[in-house]
Amino acid sequence: MSNSVTLSNTKARPSRTLHIILWVVQILLAAMFGMAGFMKSTMPISALAQKLVWVGSTPVILVRFIGLSELAAAIGLILPAALRILPGLTPLAATGLLAIMILAVPFHLQRGEANLLGAPIVLGALAAFVAWGRLRAAPIGT
């Protein structure tokens, strides 16, 4: 009797469940950041400042830049992966959102708004999950 070990050179396929969870998170993040980005990009600053207190003391160009960045990331979370055209842009979009959320934490702390930290921490964690998932665990093929 001989025992032989067979080594396989194939990668394990990511589970269907992981793909579904990633898509759900991507869609939720895209919806949230798409709406927030549209609002920050298009609303008059005076009206926006009534909804988001920090906008009133932040340079308009920064508010608009954040809004456009959030809009671009929302599109990048969905379209490249869904169309399978440059799907590597999806984890980059998630990483960009993670960067925005990381920067939001000290921004709000500096302003004494520690009560607002929950949203950037949770959204940043979800963006990090998508970046990891689409870069390492379950990338979208072309």
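Heavy atoms only: backbone and side chains are in, while hydrogens, waters and symmetry mates are out.
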Colleague: So which heavy atom on Ala131 is nearest to which on Ala94, and how close?
Modeller: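 Residues Ala131 and Ala94, closest heavy atoms: N-CB, 3.6 Å.
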Colleague: Using side-chain contact (heavy atoms from CB on, under 4.5 Å) as the criterion, point out the one residue from Leu62, Ile61, Val60, Ile66 that pairs with Arg64.
Modeller: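 Result for side-chain contact (heavy atoms from CB on, under 4.5 Å) with Arg64: Val60.
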Colleague: Rounded to the nearest 0.5 Å, how far does CE of Met43 lie from CG of Leu52?
Modeller: 8.0 Å
Colleague: Evaluate the side-chain proximity of Leu92 to Leu89: yes if any heavy-atom separation is below 4.5 Å, no if none is.
Modeller: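 Yes, close enough: below the 4.5 Å cut-off.
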Colleague: Taking all atoms of both residues into account, what is the closest heavy-atom pair of Leu86 and Pro80, and its distance?
Modeller: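 That would be O-CB, 3.3 Å.
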Colleague: Judged by atom type as modelled, is there a donor-acceptor pair below 3.5 Å linking the side chain of Thr95 to the main-chain atoms of Ala128?
Modeller: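 Answer holds: no.
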Colleague: Counting only heavy atoms not in Phe38 (residues, nucleotides, ligands), do more than 12 fall under 6.0 Å from its CZ?
Modeller: no
Colleague: Does Lys40 form a side chain to side chain contact (heavy atoms under 4.5 Å, CB included) with Glu70? I'd like the steps, not just the answer.
Modeller: CA-CA 9 Å; Lys40 291 172 192 159; Glu70 290 174 347; 2.9 Å; yes
Colleague: Take a 6.0 Å sphere around CE of Met39 and say whether it holds more than 12 heavy atoms from other residues, nucleotides or ligands.
Modeller: yes
Colleague: Taking all non-hydrogen atoms of both residues, which atom of Pro87 and which atom of Gly141 are closest, and how far apart?
Modeller: CG-O, 4.2 Å
Colleague: Could you check Leu71 against Phe33 for side chain to side chain contact (heavy atoms under 4.5 Å, CB included), going step by step and ending with a plain yes or no?
Modeller: CA-CA 6 Å; Leu71 267 176; Phe33 281 106; over 6 Å; no
Colleague: Is the side chain of Ser41 donor-acceptor paired with the backbone N or O of Leu68 at a distance under 3.5 Å, no angle test?
Modeller: yes
Colleague: I'd like to know if the side chain of Arg84 and the backbone of Ile140 have a donor-acceptor N/O pair within less than 3.5 Å.
Modeller: no
Colleague: So, do Ile45 and Val63 sit near enough that their side-chain heavy atoms are less than 4.5 Å apart?
Modeller: yes
Colleague: Roughly how far, to the nearest 0.5 Å, is the CG atom of Leu22 from the CZ atom of Phe129?
Modeller: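 Between Phe129 CZ and Leu22 CG, I get 4.0 Å after rounding to 0.5 Å.
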Colleague: Taking all heavy atoms of Ala93 and all of Ala73, pick out the closest pair and write down the distance.
Modeller: CB-O, 3.6 Å
Colleague: For residues His19 and Arg134, is any side-chain donor paired with an opposing acceptor at under 3.5 Å?
Modeller: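 Looking only at side-chain atoms, Arg134 and His19 do form a donor-acceptor pair, the distance falling under 3.5 Å.
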Colleague: Find out whether Leu28 and Leu126 are in side-chain contact, i.e. whether some heavy atom of one side chain is under 4.5 Å from a heavy atom of the other.
Modeller: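 Leu28 vs Leu126: side chains apart.
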Colleague: Taking the side chain as every heavy atom from C-beta outward, state whether Ile27 and Leu77 have any atom pair closer than 4.5 Å.
Modeller: no
Colleague: Should the heavy atoms of other residues, nucleotides or ligands under 6.0 Å from CG of Leu83 be counted, would the total exceed 12?
Modeller: yes
Colleague: If every non-hydrogen atom of Val105 is compared with every non-hydrogen atom of Pro120, which pair is closest and at what distance?
Modeller: CG2-CB, 4.3 Å
Colleague: Determine, using the 4.5 Å side-chain heavy-atom cutoff (strictly less than), whether Trp132 and Leu135 are members of one ILVMFWY cluster.
Modeller: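 Trp132 does not cluster with Leu135.
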Colleague: Indicate the atoms forming the closest heavy-atom contact of Ala127 with Leu98, along with that distance.
Modeller: CB-N, 3.9 Å
Colleague: Among the clusters formed by ILVMFWY side chains lying less than 4.5 Å apart, do Phe107 and Ile102 turn up in the same one?
Modeller: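 No, because Phe107 and Ile102 fall into different hydrophobic clusters, even though each may have its own neighbours under 4.5 Å.
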Colleague: According to a 4.5 Å side-chain heavy-atom criterion applied to Ile, Leu, Val, Met, Phe, Trp and Tyr, with indirect links allowed, do Val122 and Ile100 form part of one hydrophobic cluster?
Modeller: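 Hydrophobic grouping puts Val122 with Ile100.
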Colleague: Determine whether Ile121 and Met101 make a side-chain contact, defined as any pair of heavy atoms from C-beta on separated by less than 4.5 Å.
Modeller: no
Colleague: Applying the 4.5 Å side-chain criterion to the ILVMFWY set and letting contacts propagate, would Leu117 and Leu123 be lumped into a single cluster?
Modeller: no
Colleague: When rounded to the nearest 0.5 angstrom, what is the spacing between CH2 in Trp54 and CZ in Arg111?
Modeller: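 The CZ atom of Arg111 is 8.5 Å from CH2 of Trp54, to the nearest 0.5 Å.
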Colleague: Is any side-chain heavy atom of Trp23 less than 4.5 Å from a side-chain heavy atom of Ile78?
Modeller: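 Trp23 vs Ile78: side chains touch.
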